[in-house]
Amino acid sequence: MKLLKKLIEAIKAFESWSSLLYSLVAIIIALILGAVFIIAFGYDVRVAFFHLYNGSFGSLYSLSQTLFQTTPLIFAGLAVAIGFKSGLFNIGVEGQLYWGALASAVVGLRVGSWPMAIALPVTLLVGAIAGGIWGFIPGLLKAKTGAHEVITTIMLNEIAILGTTFMTVNYFKVAGPVDQTARLAETVRIPPIVPGGDISSGIIIAIIIVGLTYFLLNKTSLGYDLQTVGNSPKAAEYGGIKSSRMTILAMVISGSVAGLAGSTIIMGRLGRFVTNFSPGYGFTGIAVAVLARNNPIAVLLAALLFGALEAGGMTMQLFARIPNDLIGIIQGLVILFVAAPGFIRLLTKFKTRKEAGERT
Amino acid sequence: MNAVELKNINKRFGEVVANKNINFTVKKGEIHSLLGENGAGKSTLMKILFGLYSQDSGQIFIEGQQQEINIPSEAIQLGLGMIHQHFMLVDRLSVAENIIAGKEIAKNGFLNLKRAYQEIEELSKKFGLKVDPGAKIEDISVGEQQRVEILKALYREAEILILDEPTAVLTPQETDELFEIMRELKKDGKTIIFITHKLKETMKISDRVTVLRDGESVGTVDTTETSPQALARMMVGRDVVLRVEKEAKVAGKELLKVENLKLHNPQGSGLRDISFEVKKGEILGIAGVEGNGQFELEEALIGLQKLDSGMIEYNGQEINKLSTYQRRQLGIAHIPSDRNRRGLVSDFRLDWNLILGSEWKKPFARRGVLNSDKIKAYGRELIEKFDIRTPGLSVTARQLSGGNQQKAIIARELSGGPDFILAAQPTRGVDVGAIEYIHNLLLDMRTKGKAILLISAELDELRSLSDRILVIYEGQIIAEKSGEFDEQELGLLMAGRKEGEVDETA
Amino acid sequence: MTSDILAVIFNLNTFNAALRLSIPLALGAMAGAFSERAGIINIGLEGMLLMGAFAGVFGSFVTGSAWLGVGFAAVAGILTSLIFAIFIIEFKADHVVAGVGLNILALGFTTWMMQMIWGTRGASPSVASVPAIVIYFLEDIPVIGRLLGIQSPFVYIMLAMILAGWVLMFKTPLGLRIRFTGEHPEAADSQGINVKKIKYFSLLLSGFFCGVGGAYLSLGHLSQFSRNMTAGRGYMALAANIFGQWNPLGGLAASLLFGFTDAMQMRLQGIDIGLANDLIQMLPYVLTIAVLAGAVIKSRPPAALGNHYESGE
Amino acid sequence: AEGDIAIVFATGGLGDQSFNDAAYRGIQMAEEDLGINYNYGEPASIADYENYLQLFASAGVYDLIISIGFDQADALADVSARFPDQQFALVDAALEADNVGSYVYTEQERGFLMGAAAAMMTQRSDEYEMINQEYRIGVVGGMEIPLINANIAGYRAGAEYISEDVHVSHSYVGAWDDPGRGKELAISMIENDVDIIWAAAGRSGLGAIEAAQENNVYAIGSDSDQGHLAPDHILTNGMKFVDNTVFLAVEQVLDGIFEPGIQVIGIEEGALGYTESLLPADIIERLEEIKASIIAGEIEIPDSL
Ligand SMILES: Nc1ncnc2c1ncn2[C@@H]1O[C@H](COP(=O)(O)OP(=O)(O)OP(=O)(O)O)[C@@H](O)[C@H]1O
Ligand SMILES: Nc1ncnc2c1ncn2[C@@H]1O[C@H](COP(=O)(O)OP(=O)(O)OP(=O)(O)O)[C@@H](O)[C@H]1O
Ligand SMILES: [Mg+2]
Ligand SMILES: [Mg+2]
């Protein structure tokens with residue numbers, strides 16, 4: 001009870017409700033523009049939005065689809081947010097999640113015979129560690145040589161995708177038309193929340209990590225130090241905080257959360273590591289994080305929004321025959337408008353002008 | 001004819017009323033001081049005049065004509081020039097580039113830097129403002145930067161100059177030079193609005209004074225008909241002790257000892273063989289013109305810069321190798337001269353800022369987990385105790401006024417139970433009321449037997465607080481004084497005169 | 001063996017390919033330099049390039065003229081950056097967010113339009129493209145002739161634009177104003193520089209460069225548009241810009257490095273050097289990191305990068 | 001309902017001018033000739049396959065749901081188990097399930113034909129001006145995956161079968177959707193005197209075909225007849241008659257003779273082949289002989305590198 005109260009308090013304190021309202025207005029504007037688009041090309045808006053809703057929240061199954069799309073985005077968004085909070089732009093989530101995924105797959109195959117209560121967490125943990133190691137590299141490079149993390153992480157993404165493929169092909173491959181590892185045992189697969197149900201407990205893991213991230217950033221000394229470095233490296237130095245150590249740590253933590261994005265996908269739906277499996281979760285993670293202004297709790301909401309659009313877009317494409325790319329357009333617009341507090345202020349400006357009285 | 005006339009100016013920032021119905025008149029050719037506490041609304045008023053802010057209501061008259069000033073370029077057109085409280089210079093560009101940007105000299109569409117150099121040199125000769133047009137801003141001293149700021153205005157043929165706290169970062173000598181320049185400008189027929197927190201300066205240079213308090217104009221007086229005490233009363237609304245009294249006290253045991261500190265700095269003077277010691281219950285002042293090594297000394301003592309050689313001994317223990325964190329652990333507090341960047345995390349809440357450096361310590365954290373309740377309680381306590389004026393704990397440091405930012409830093413540093421206080425420029429840019437308060441705090445610490453190293457460019461401050469004063473010049477201690485300090489003498493020493501020579505002239 | 005490798009790497013064809021591969025990167029990097037020098041982080045390069053690539057093919061398809069297509073691309077680049085600019089300058093959008101949004105929007109928009117116009121989601125039909133030109137007097141000079149004698153006109157356009165961009169940025173009053181704005185917008189404002197105008201100008205110029213860069217991809221290098229054909233080049237350009245220290249010439253150098261290592265990688269795949277292809281394909285990225293980590297230069301972005309500034313508030 | 005078919009394409013989506021488009025043609029043929037209705041989905045990532053399959057299956061109205069693409073096998077395994085009464089077809093991968101009919105192609109056979117054709121052609125510099133005197137052919141693969149490698153292995157074997165002197169180079173773009181790089185890879189081969197390039201790289205291959213056209217060498221298309229892209233330069237196409245496979249599956253369902261199980265199909269079944277395009281008559285003749293030998297099992301073709 002107390003915990004819940006504290007949580008509510010934290011949410012209230014952290015993100016003012018007005019900014020949530022802003023975001024809602026922004027989403028509505030983006031949807032309206034999307035509707036204009038739909039009409040302009042001769043589609044039926046009502047049908048489109050009906051399916052968009054139906055496919056995202058219309059039924060328990062739709063909801064499960066939304067959450068399924070949401071889960072990796074939460075991890076990816078958190079990973080990016082942790083970087084930003086610490087003054088680092090981690091574009092490398094994509095690469096980190098590939099290593100997380102491969103490591104989980106490889107270890108998951110080894111520990112599949114263990115009891116689930118041990119095997120599952122171990123497999124997840126290994127993914128986090130692998131992602132963390134891949135995050136360590138740009139962190140170390142930045143701390144020791146000043147190499148800009150934007151460049152190094154972009155490069156490391158490519159290296160990770162090629163590297164995981166190389167490892168799979170040469171060491172872990174099973175026969176099949178795709179380069180992939182063997183299928184994981186059920187003990188290391190993330191089970192549904194209710195046995196036999198549609199909703200995967202991946203979302204629960206994600207929510208736990210959201211909580212942990214929030215806790216780390218706002219309730220721990222380490223989080224304090226990370227944010228100090230992110231905000232003002234000079235003040236950090238002054239306060240006796242080792243910036244270079246924090247830079248490395250931030251990248252490692254960010255990388256491990258990214259690694260979990262990969263782990264949960266392969267331990268969930270895919271059931272094995274498949275080369276080139278990610279459609280760019282890491283990059284969408286950037287959008288999620290910035291949309292959420294790097295607030296972990298808002299990351300959850302932003303990821304949910306993206307997940308819902310993805311899931312709804314699928315049904316919209318299937319049953320209203322509107323190309324899926326409309327979803328991209330709407331997503332882009334949502335991001336643009338949510339990012340732009342000034343636009344909504346502009347809508348209300350006329351009123352305030354009048355109130356302020358004449359200006360000479 | 002009035003050069004500037006502001007009528008019924010109102011300006012608010014959200015809840016804060018920065019300017020309330022202000023009327024302000026400056027006569028042509030006068031030097032007019034604008035006084036007021038931190039946050040009184042001086043800068044805001046001047047930014048409105050210069051077109052950087054727009055007033056919510058009110059009128060502006062320049063040379064008797066009502067004017068709309070929406071952007072600075074319009075103000076520049078009208079002959080206004082502003083030298084900002086925080087320098088508006090681009091570090092990585094040259095002096096000349098900084099001056100001409102916006103009013104460039106071009107030939108066939110290309111920048112003509114050669115001509116620009118010439119023009120700047122002519123201008124600087126005319127008004128006695130020595131600068132090197134080709135030097136990068138980041139490589140020149142604060143005093144020179146100030147001159148560049150003035151040149152920027154003169155280059156734009158400003159007739160009315162607004163100087164917002166130009167002396168805050170200047171040494172007495174540099175201030176005197178600036179006053180010379182101001183008189184020169186006045187002779188040239190220019191009008192000057194001058195903002196400062198230093199009443200002595202106001203008395204010395206201005207013709208008339210206007211005082212703001214809480215966003216309102218308290219009144220305008222002729223300088224000749226007022227006194228520092230009277231002005232302070234107008235500003236603060238009560239009597240202010242302008243020079244604190246310190247009780248006689250015998251210093252205790254030696255706490256900090258430095259020997260042969262050396263630090264090479266290609267851009268500044270660095271440290272060249274510095275030795276001294278500070279005793280418990282003593283305030284040791286370091287006097288010096290900015291850029292003579294005091295910054296390096298400050299940073300080296302706390303471990304933010306590495307020494308080339310030398311020894312720092314604290315409480316009998318050599319601390320050369322210790323990190324900043326470890327040194328702070330030993331009871332060294334640090335009020336940094338670079339308060340905006342070093343002292344505060346500008347986007348952190350106030351209570352978080354108040355535990356910077358203690359975020360791993362009890363009671364604020366246990367095993368790395370922060371205790372928000374304790375942190376908040378502590379924040380409230382300090383706000384109360386140190387009279388930090390803030391709407392609340394969740395306000396970010398950035399949103400505090402300069403004086404209150406400084407109070408927050410001092411509150412944090414003095415509350416940690418330090419034995420040694422490294423206080424660098426503790427009252428820079430702070431209003432008289434706050435200065436009084438800070439000075440009292442430091443003396444209080446002295447009474448409690450703490451050792452204090454006071455690095456300051458304010459001679460008055462040094463003289464009234466210090467038990468001993470060392471003068472630093474080009475990275476060396478060139479003199480040590482104790483007892484009654486002669487202002488004239490100290491000033492000359494800071495300028496690099498040898499002690500012998502000073503004695504002769506004195 | 002080693003001589004084999006060296007022969008494969010250091011030959012004119014490799015340099016030629018490096019030049020071609022560097023064009024969109026170098027133009028994108030310069031676009032990044034202009035917007036970032038004016039204080040605006042530009043993650044949206046990818047989207048601007050993509051819009052340019054699409055509009056180029058669309059223009060060529062509609063008019064039948066490749067050069068008109070390039071014009072379409074330039075205009076599309078400018079319009080795209082105008083949207084970006086309005087969001088950032090007028091609505092004070094976070095730069096990174098807006099850039100990411102723009103990229104997603106551009107990908108969705110171009111794919112959507114492709115379906116509406118050509119009914120396909122993959123690749124457009126082939127259209128008139130810009131053919132290579134032969135410069136006769138150059139052609140006969142031994143080395144230069146093979147390198148520059150027969151080239152896509154875009155090579156010259158790119159080189160000329162980069163040079164012009166460099167001059168503009170560092171040798172003209174406007175360039176000084178741009179640099180000033182990105183370092184200290186308030187100072188710029190105080191000196192009578194119209195910060196808003198400068199930001200608009202820099203961003204639109206940025207869009208123009210990207211438009212042309214995109215047109216090169218679809219009309220210079222290829223002759224069709226294909227979904228997501230920029231394939232991350234905008235991000236590479238961003239990296240090149242930072243690598244090149246926010247200087248068009250530096251960006252060109254970095255792009256040439258990327259282009260060269262990529263060209264080299266492609267050629268190494270062709271000879272058996274006992275290394276898995278995956279590993280060979282990593283080469284450009286590994287080398288970039290190595291060079292960056294080994295270089296002594298510390299990146300120093302414009303001081304006010306990412307900030308918002310509004311005069312008169 | 002009678003004659004309702006659903007089809008889930010591979011992630012490249014429609015418009016790839018080869019694989020997915022071929023499947024699309026198959027379903028359109030079925031619409032025209034058999035009067036069926038169809039609905040389709042274009043997943044963006046492999047994790048989405050399951051969603052689409054599930055959506056179609058739970059609709060419960062489709063007589064057949066067709067999965068296009070080798071990487072759908074896992075997703076289909078799960079979904080088909082959940083919907084035992086639903087009939088599924090899987091094209092391009094094998095899946096053992098009671099309600100799934102799956103079709104796998106002997107890719108290496110097609111590669112073999114292409115390699116043989118190219119090897120014969122590259123030796124004819126006296127007859128064809130686009131052919132140089134070097135005996136060099138190449139193949140540009142999209143990504144280094146088993147399916148592509150089977151093709152390349154066949155290609156190499158086919159060339160070797162014709163002549164030991166023909167040099168084969170192969171490289172990978174590393175993406176299916178980067179025609180710019182596909183083109184550069186092809187150019188790098190052409191610089192090394194390769195005069196026939198097989199583009200087996202999805203949309204990246206479009207760039208390789210452009211490179212061939214511009215530099216006046218031959219290209220070989222993939223999956224569909226890509227001749228229209230460069231009529232004078234597409235020597236032949238390595239055909240995978242996905243359209244026929246799709247059509248066949250639909251037809252069998254309508255006729256009630258659709259059988260679950262894995263079907264390995266190739267040249268013998270008419271599922272793989274080539275187009276005559278620009279090939280000279282004697283080479284076509286030779287290819288037909290090779291085809292016969294393959295069908296007769298007289299040629300052993302490796303399916304990996
Ligand atoms: N841009 C701004 N946004 C919000 N509040 C502001 C802004 N600028 C000034 N204020 C507020 O307006 C009030 C007046 O500030 P102003 O800068 O004019 O004070 P000042 O007299 O110049 O103080 P100081 O002596 O510290 O320079 C202060 O309360 C300040 O916090
Ligand atoms: N964007 C802003 N939002 C909120 N408060 C602001 C903003 N900009 C300035 N302020 C506040 O306005 C006040 C006046 O700003 P100013 O630029 O005069 O600096 P200052 O803090 O007074 O500096 P100093 O102490 O050196 O005089 C400061 O307290 C500052 O914190
Ligand atoms: Mg002020
Ligand atoms: Mg101030």
Side-chain angles (χ1 to χ4, degrees), chain A residues 2-3 5-16 18 84-87 211-212 214-246 249 253 293-295 345 349 352-360, chain B residues 7-10 12 54-60 66-70 299 302-305 322-329 332 334 336 338-349 352-353 355-361 364-372 375 394 396-398 409 412:
Chain A
K2 198 177 159 219
L3 202 75
K5 228 175 90 186
K6 277 205 157 173
L7 186 74
I8 293 172
E9 231 171 62
I11 297 172
K12 269 190 188 158
F14 215 81
E15 189 88 340
S16 62
S18 72
F84 273 131
K85 281 275 183 186
S86 314
L212 285 179
Y214 177 83
F215 183 78
L216 168 76
L217 288 175
N218 299 292
K219 301 287 170 192
T220 68
S221 308
L222 177 61
Y224 182 103
D225 286 357
L226 289 174
Q227 293 195 61
T228 306
V229 173
N231 250 297
S232 166
K234 288 227 154 197
E237 243 187 343
Y238 161 86
I241 301 166
K242 290 232 167 62
S243 288
S244 56
R245 189 184 296 173
M246 288 304 138
L249 255 177
I253 297 171
R293 305 215 161 80
N294 305 318
N295 174 348
R345 212 167 294 138
K349 200 168 186 176
T352 41
R353 265 255 171 89
K354 260 194 202 155
E355 277 171 5
E358 234 168 276
R359 230 209 78 181
T360 33
Chain B
K7 281 191 182 158
N8 297 315
I9 299 289
N10 281 292
R12 47 193 304 165
S54 53
Q55 68 270 38
D56 298 335
S57 66
Q59 292 109 41
I60 300 173
Q66 185 175 346
Q67 301 289 356
E68 277 270 345
I69 304 179
N70 292 312
E299 301 241 307
I302 194 71
L304 290 168
Q305 285 190 33
L322 300 187
S323 68
T324 301
Y325 184 76
Q326 288 166 320
R327 293 184 205 200
R328 292 179 141 265
Q329 293 291 83
I332 301 179
H334 177 201
D338 188 352
R339 82 161 164 259
N340 287 325
R341 273 179 300 176
R342 280 250 190 258
L344 294 167
V345 185
S346 48
D347 290 326
F348 271 10
R349 319 157 35 106
W352 271 37
N353 263 299
I355 62 158
L356 179 61
S358 309
E359 71 273 15
W360 290 91
K361 287 192 208 138
F364 310 124
R366 276 192 63 187
R367 292 200 206 91
V369 177
L370 296 174
N371 184 333
S372 299
I375 295 171
S394 57
T396 59
R398 177 195 305 284
I409 295 172
R412 179 184 69 215

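Naming: A, B, ... by sequence-line order, numbering from 1 per chain.
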Contact part of B:Ile355 toward chain A, heavy-atom cut-off under 4.5 Å: side chain, backbone, both or neither?
both
Keeping the roles fixed (side chain from A:Tyr224, backbone from B:Trp352), state whether a donor-acceptor pair exists under 3.5 Å.
yes
Side chain to side chain, B:Asp338 and A:Tyr238, heavy atoms closer than 4.5 Å
no
Does B:Glu359 reach the side chain of A:Thr228, with side-chain heavy atoms less than 4.5 Å apart?
no
Examine whether an atom of B:Arg342 lies under 4.5 Å from a heavy atom of chain A, and if so say whether it belongs to the side chain, the backbone or both; otherwise answer neither.
both
Between A:Asn218 and B:Leu370, what is the shortest heavy-atom contact and its length?
O-CD1, 3.9 Å
What are the two closest heavy atoms between B:Val345 and A:Ala235, and how far apart are they?
CG2-CB, 3.9 Å
Top contributor to chain B interface from A:Leu222, A:Asp225, A:Leu216 [non-hydrogen pairs under 4.5 Å]:
A:Asp225
Who among B:Ala365, B:Gly357, B:Pro336 has the most heavy-atom pairs with chain A under 4.5 Å?
B:Pro336
How far apart are the closest heavy atoms of B:Val369 and A:Phe215, and which atoms are they?
CG1-CZ, 3.6 Å
Straight-line distance of A:Glu237 CD to B:Ile302 CD1, nearest 0.5 Å
12.0 Å
Between B:Leu356 and chain A, with a heavy-atom cut-off of 4.5 Å, which part of the residue counts as in contact: side chain, backbone, both or neither?
both
